[in-house]
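Down below is the structure, laid out as structure tokens.
Atom set for the values below is all heavy atoms of this structure, side chains included, hydrogens, waters and symmetry mates excluded. Numbers here simply count residues along the sequence, with the first being 1.
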Amino acid sequence: LLTSRGFYMGLSSTMPVSEGVRFCIFDLKRGQHEGQELDKVLFFYPTDCPFTTQLSVIGLSEGLITFTRIFSPEAACEVIEAERHSHVFHEAEADIWMVMVVEKNKEAEAIWRIDALQRVLKEVHSLFVMFHGSVRSLLEKEPSGGLVRSHLYFFITDYLTDFLSGKKLQLPFFRDCLKERGTVQMLTVGRDAAIDVESLVKVLESSCPGSSSCNSLIMFQDLLVSTTLSPDDTLNLFTYAVLRLTPRVLNAGTNSWSYLRKSNTASHVTGSILGNFSYPAEDIYGSHDTSPVGNGQRYHVPRPLQRGKWSKGKDGFLVADIWGTEMGQVSPATANVWLQQMEERMYLCIYQHKNLTVILLIPYSSMMNGDQGLSIVRQQILENAAVKIIKVEEKLTRGWGGENAYHVAGYRYLLFDSDRNISRASPPVKVTTLMKDSLLALSKLREEVDLEKHRAKQDAPGRENDLEICIRAKNNAWVIARVTRGKELYMVLEKANETLLYATDAVDKFSNRYCDGALSLD
């Protein structure tokens with residue numbers, strides 16, 4: 001059956017039931033001749049999968065992509081639902097495909113929302129580009145594929161450690177339906193504090209050479225306070241900061257999203273967990289020396305997602321040796337990122353005082369003296385901005401209501417602006433009080449909303465349809481979705497009255513009281 005989003009097929013996957021997740025990246029332009037099929041494989045998880053399994057999964061994926069293009073030449077395939085597996089697709093770049101194959105296993109609570117899995121694919125690609133540039137550019141730099149395979153291998157295996165529960169990947173599932181990956185969580189700041197933050201930003205950007213092109217991002221704990229970056233660059237840098245840079249991460253030695261999950265070993269994993277990912281044999285790609293083992297010795301491969309590598313120096317600046325040492329250089333490379341909007345590589349200069357993290361991005365082109373120039377910038381920040389940083393941190397701390405600051409009694413909710421990629425939600429500890437049936441019902445409701453939004457986008461591009469759905473779950477809880485003008489509200493009411501009128505009235509009261517400003521649903 002062909003739907004507006006993909007295919008629902010009665011085929012049965014040939015993968016063993018125990019093989020829960022397959023994740024691959026391949027290039028359709030490569031390996032077009034017999035005997036060269038493996039050239040198109042750029043990354044495959046699990047990394048120790050036999051050569052035949054890799055070709056089988058990628059061959060099936062390529063066939064499905066080609067087949068669906070017959071019916072939908074303008075819109076790329078996004079999902080194929082088989083009897084025992086969901087095949088999730090994302091065309092990250094032209095002819096560069098990322099595919100995740102997940103096993104359907106209701107007994108193991110493996111109930112996925114496709115959009116949530118796609119967001120994982122989009123996130124890892126966006127982060128990869130921010131640090132390494134596009135996959136295609138690396139292939140053009142070295143057509144044999146060894147360079148890009150090395151970068152993808154280390155980057156993605158480091159990224160996947162955040163999803164490990166024991167030796168298995170725990171991807172976003174129905175218990176995560178009141179979270180929205182790929183969004184920024186903002187701190188509500190009072191007028192006086194906002195003025196101080198604005199003053200701090202001006203001082204920071206005047207402290208570095210070429211100040212007109214410098215940018216900054218300021219965070220309080222895991223929340224965004226201020227940014228001068230484009231929305232996409234803000235999202236990518238914010239995501240990285242939450243994963244590896246915030247005080248919660250540095251103090252706990254783990255990424256700050258792990259605490260959102262139920263108790264599992266993922267929250268205690270360190271960088272050494274990469275040992276669970278086996279290196280492929282050196283001859284796995286035929287005559288080409290493209291294995292990560294060989295390439296790790298041949299190429300300079302920075303590993304910005306290694307866990308536990310960032311630390312706070314005595315001067316307050318964060319330091320890490322994960323960028324390694326470039327060819328011909330004696331000292332370690334300095335942390336840097338590629339900003340898509342500005343199309344320029346930037347040095348990362350990160351200062352942290354208690355709960356406040358300040359990230360200054362300095363263009364490569366403005367730093368003629370490299371590390372020596374960065375040392376001067378750091379000194380100027382300490383001299384010119386240190387007092388303001390302390391003042392802003394103290395003011396934000398006084399106005400902060402704690403991790404339950406955005407809890408609304410009686411409600412469990414997720415509110416986000418899909419146009420601006422901003423979200424706010426009930427604190428994770430409050431969400432854990434919900435019953436399984438409530439979360440299952442909301443996850444299914446969100447899946448239906450995702451499909452409806454996709455249909456509307458195809459039928460009338462640029463037109464946004466308002467939508468409101470209220471459903472009674474098996475446990476008599478109300479699960480509610482309200483979509484209007486690019487803003488979405490999802491809610492669970494387990495202690496609501498019997499009537500639908502009461503439930504809708506409760507949602508209206510919530511909206512009138514809470515959904516204002518940038519996330520207004522009025």
Side-chain angles (χ1 to χ4, degrees), residues 178-202 204 215-231 233-242 245-249 256-257 259-260 352-359 388-431 482 484-491 506-522:
L178 283 175
K179 306 172 191 174
E180 189 67 7
R181 203 176 196 90
T183 58
V184 171
Q185 290 76 56
M186 300 285 296
L187 177 71
T188 299
V189 180
R191 184 176 180 275
D192 289 343
I195 293 174
D196 288 338
V197 170
E198 184 178 0
S199 175
L200 172 60
V201 170
K202 291 179 180 179
L204 288 170
N215 285 272
S216 64
L217 183 144
I218 301 176
M219 294 180 62
F220 180 81
Q221 295 189 7
D222 294 343
L223 301 172
L224 181 66
V225 176
S226 169
T227 178
T228 61
L229 298 168
S230 69
D233 289 326
T234 293
L235 174 59
N236 291 335
L237 195 57
F238 172 85
T239 300
Y240 182 66
V242 171
L245 302 177
T246 63
R248 187 195 305 274
V249 179
S256 63
W257 282 346
Y259 81 97
L260 302 179
Q352 196 168 92
H353 173 68
K354 295 184 178 179
N355 293 311
L356 199 69
T357 302
V358 176
I359 303 176
K388 287 185 177 293
I389 289 173
I390 294 173
K391 181 180 178 181
V392 168
E393 196 280 335
E394 289 177 348
K395 188 164 290 188
L396 294 179
T397 298
R398 286 197 301 268
W400 172 235
E403 293 192 356
N404 290 331
Y406 301 131
H407 170 59
V408 181
Y411 296 89
R412 302 295 182 269
Y413 70 94
L414 166 66
L415 172 67
F416 70 91
D417 186 330
S418 57
D419 294 331
R420 300 179 61 191
N421 294 325
I422 299 173
S423 71
R424 181 165 291 173
S426 292
V429 67
K430 299 297 183 180
V431 175
R482 177 180 289 183
T484 178
R485 299 193 300 275
K487 301 172 182 65
E488 304 180 28
L489 172 64
Y490 298 95
M491 185 175 294
V507 176
D508 289 338
K509 289 180 179 179
F510 177 91
S511 297
N512 294 334
R513 169 188 172 186
Y514 191 73
C515 303
D516 54 4
L519 293 181
S520 175
L521 290 171
D522 296 337

Point-to-point distance, once rounded to the nearest 0.5 Å, from OG1 of Thr227 to CG of Leu235: 10.5 Å
With no hydrogens and no angle check, is any side-chain donor or acceptor of Ser511 less than 3.5 Å from a backbone partner on Val507? yes
Any side-chain heavy-atom pair of Asp222 and Gln185 under 4.5 Å: no
For Gly486 and Asp419 the tightest heavy-atom approach is CA-OD2, 3.7 Å
With no hydrogens and no angle check, do the side chains of Thr397 and Lys354 hold a donor and an acceptor under 3.5 Å apart? no
Residue set satisfying side chain to side chain donor-acceptor pair (under 3.5 Å) with Thr357, at least two apart, ordered chain then number -> Gln352
Could you work out, with side chain to side chain contact (heavy atoms under 4.5 Å, CB included) as the rule, every residue matching Ile390, not counting sequence neighbours? His353, Glu394
Separation between OG of Ser423 and CE of Met186, rounded to the nearest 0.5 Å: 11.0 Å
How far apart are the closest heavy atoms of Leu414 and Ala425, and which atoms are they? CD1-CB, 3.9 Å
Distance, nearest 0.5 Å, that separates CG of Leu229 from CG of Asn236: 10.0 Å
Measuring only between side-chain heavy atoms, which start at C-beta, is Asn355 closer than 4.5 Å to Trp400? no
In this structure, CD1 of Ile422 is separated from CG of Leu415 (nearest 0.5 Å) by 10.0 Å
What side-chain donor-acceptor pairs closer than 3.5 Å can you find for residues 405-412, not counting sequence neighbours?
unit_1: Tyr406; atom_1: OH; unit_2: Thr188; atom_2: N; d: 3.0
unit_1: Tyr411; atom_1: OH; unit_2: Ala506; atom_2: O; d: 2.7
unit_1: Arg412; atom_1: NE; unit_2: Lys430; atom_2: O; d: 2.9
unit_1: Arg412; atom_1: NE; unit_2: Thr433; atom_2: OG1; d: 3.4
unit_1: Arg412; atom_1: NH2; unit_2: Thr433; atom_2: OG1; d: 3.4

Kindly write out the residues that satisfy ring pair (Phe, Tyr, Trp, His ring centres under 6.0 Å) with Tyr413, not counting sequence neighbours, or none if the list is empty. Phe510, Tyr514
I would like to know whether Thr246 and Gln221 meet side chain to side chain donor-acceptor pair (under 3.5 Å); could you show each step before the answer? CA-CA 6 Å; Thr246 63; Gln221 295 189 7; over 6 Å; no
Checking side-chain contact (heavy atoms from CB on, under 4.5 Å) against Ile218, which of Ile389, Leu200, Leu187 comes through? Leu200
Measure the OG-CE distance between Ser426 and Met491 for me, rounded to the nearest 0.5 Å. 8.0 Å
Using the side chain to side chain contact (heavy atoms under 4.5 Å, CB included) criterion, which residues pair with Asp196? Sequence neighbours excluded. Lys391, Val392, Lys395
For Thr228, check side chain to side chain donor-acceptor pair (under 3.5 Å) against everything at least two apart and list the hits. Glu205, Asn215
CG of Asp417 to CD of Glu488, rounded to nearest 0.5 Å, is 9.0 Å
